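What you see below is based on every heavy atom in this structure, not just the backbone, and it leaves out hydrogens, waters and symmetry mates. This structure is a prediction, so every number in the text was calculated from the model and none was measured. As the structure lists them, so they are numbered: ligands from 1, and atoms in each ligand from 1.
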Amino acid sequence: NSMLSWQRTAYHFQPEKNWMNVLNVKDTNFFLVSLWVWLRLAVLGELGLSASDPNVVTIWAGPMYYKGWYHFFYQYNPKGAVWGTIVWGHAVSRDLIHWLHLPLAMVADQWYDQNGVWTGSATILPDGQVIMLYTGSTNESVQVQNLAYPADPSDPLLVDWIKYPSNPVLFPPPGIDTKDFRDPTTAWLTSEGKWRLSIGSKLNKTGIALVYDTSDFKTYERVEGLLRAVPGTGMWECVDFFPVSSEGENGLDASINGENVKHVVKVSLDDDRHDYYAVGTYDEKNAKFTPDDLKNDVGIGLRYDYGIFYASKTFYDQSNGRRVLWSWIGESDSEYADVAKGWASIQGIPRTVTLDKKSGSSLLQWPVAEVESLRLGSNEFENLKVKPGSVVPLEVGTAAQLDIVAEFEIDMKALEMTGQSNKEYECSTSGGAAERGALGPFGLLVLADDDLSEYTPTYFYVVKGNDGQLKTSFCSDQLRSSLATDVGKKIFGSSVTVLEDEKLSVRILVDHSVVESFAQGGRTCVTSRVYPTKAIYGAARLFLFNNATQVTVTASVKVWQMNSAFIRPFNPQQSNS
Ligand code: FRU
């Protein structure tokens, strides 16, 4: 397994030596999966590799902050290498960066979750009580909602959980398929003092968010109508609903409503495996959300991230007065490679989310400040002129674990002389960093080796439109990220709003096999997984590049080496001795 160990991340959360499965498990035929796993293990055996103690972890459950600890519950199969009977893994942290693995929080030991303890959410009541609602897949694969609570609320680690003896508390309502009713949200208060929550589903091909009210989390009444419905989007997983302040930078508790508050609905589309959100207005009386940008509502909204990013959730972090968004990041290598390396999937670095007051109805996402505690020494490069068609090495030493902040300015004279174009640029259908235009691409090559046999470009591409306005795209290109052939080679990205007074700016977190990038303060984000074979550990390098034909760009870059995070099993005996 050491053969592929460089792909393990050093400061992103992932379970110990186990593996996470990226299968869309719900729809998987068990026999086929068993056969597939058996074949893969047989092949591994041939190669003398082993997938010992393999465990499957997918997606996750409910994040929250309690008595000084952040709690992370995730979908975990302790019994085998395939997605099977999912239980809740559990880890705790003081700062969202360093983690201690704890014993399983809940296992599949009841008829109503015998087929899996699936995604749920925590609600912390005003008196401090913790309510956990989760989806159980029953012995007959019916999706029901169950209630659980801590056995000992005075234990800050919340190690033991009790399932409510009269579970399930909610069955699929009439007209809803029994396999399309899952992932309850955190509850919020109505002005009448009831708790309200939403559950994702679909009706024919229309994705929908059902609404329920409850006073005690044991009995529920269905609220007529739907929080949101968008035709053609299919099953909605992991619905998230939360308020954002249209005034301040602070986050809001789920129950906050009123003036200077907007609301966000996020859904994870099972059909295309991306997370979409829209900012809008919540009408409490009708339990209905209306997006600000009605044009956008023809579709489903904006993406949190244009790379690999799914089943995310937010929670209100009362200790820091912020709303934190956290996502599951799958793999884009082959299943064979996943078995060989013994794990699959990681968590992204948690992000603070706020409303982007300048650009309108969209959010800004930024890595939580705590990640900066991992910053070690830094190198600064100021006002480097990067000429058209050039690559400039940045001497930062090894470059497998970095935090990079960069700003770019296009030479004004050259910009004025550049002709207008009616070209519509799109990262995903472009030729990537190799395709040259007048005003782009330019940016950074991360996880590169000295010979540039491997590199991952993260860059801007600017087009001067027929109206004379500049349109900017932000992309991350996997095409030359690895000499391996069995890995994803796509170009991720999207357009990014750049306001008059803004320079082009980007923050990039590099961690062995993950590259998380945030353009224009987190207005457009792209997370990519890459699997270099040469640009690893001490051989990893960093370069600036400018592949535009017309303009010189001036770049200022600050680069920090990043420490590894402490992510280990919690062993009280050990720490006592
Ligand atoms: C998300 C999801 C949820 C479900 C869980 C099952 O991808 O499918 O809808 O609760 O994972 O593991």
**Prompt:** Out of Val239, Thr119, Ile86, whose heavy atom is nearest to atom 5 (C) of ligand 1?
**Reply:**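 Closest candidate by heavy-atom distance is Thr119.
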
**Message:** Counting only heavy atoms, tell me which of Gln143, Glu237, Gln75 gets closest to atom 8 (O) of ligand 1.
**Reply:** Glu237

**Request:** Run the contact test for Asp183 against ligand 1 with a 4.0 Å cut-off on heavy atoms, strictly below, and give the result.
**Result:** yes

**Message:** Could you check whether any heavy atom of Tyr310 sits closer than 4.0 Å to an atom of ligand 1, since that is the contact criterion I want to use?
**Reply:** yes

**Prompt:** Of all residues at least two apart in sequence or in a different chain, which pass the side-chain hydrogen bond (donor to acceptor under 3.5 Å, both in side chains) check with Asp160?
**Reply:** none

**Request:** Could you tell me which residues satisfy side-chain hydrogen bond (donor to acceptor under 3.5 Å, both in side chains) with Thr233, sequence neighbours excluded, listed by chain and number?
**Result:**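 Residues passing side-chain hydrogen bond (donor to acceptor under 3.5 Å, both in side chains) with Thr233: Trp236.
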
**Message:** Check this for me: Asp109, atom CG, are more than 12 non-hydrogen atoms of other residues, nucleotides or ligands nearer than 6.0 Å?
**Reply:**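 It does: Asp109 CG has more than 12 such atoms within range.
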
**Message:** Evaluate Arg182 for polar contact with ligand 1, using N/O atom pairs at a separation under 3.5 Å.
**Reply:** yes

**Item:** Pair Asp271 + Lys205, salt bridge at N-O below 4.0 Å
**Value:** no

**Salt-bridge contact Arg322-Asp317 (side-chain N to carboxylate O under 4.0 Å)** = yes

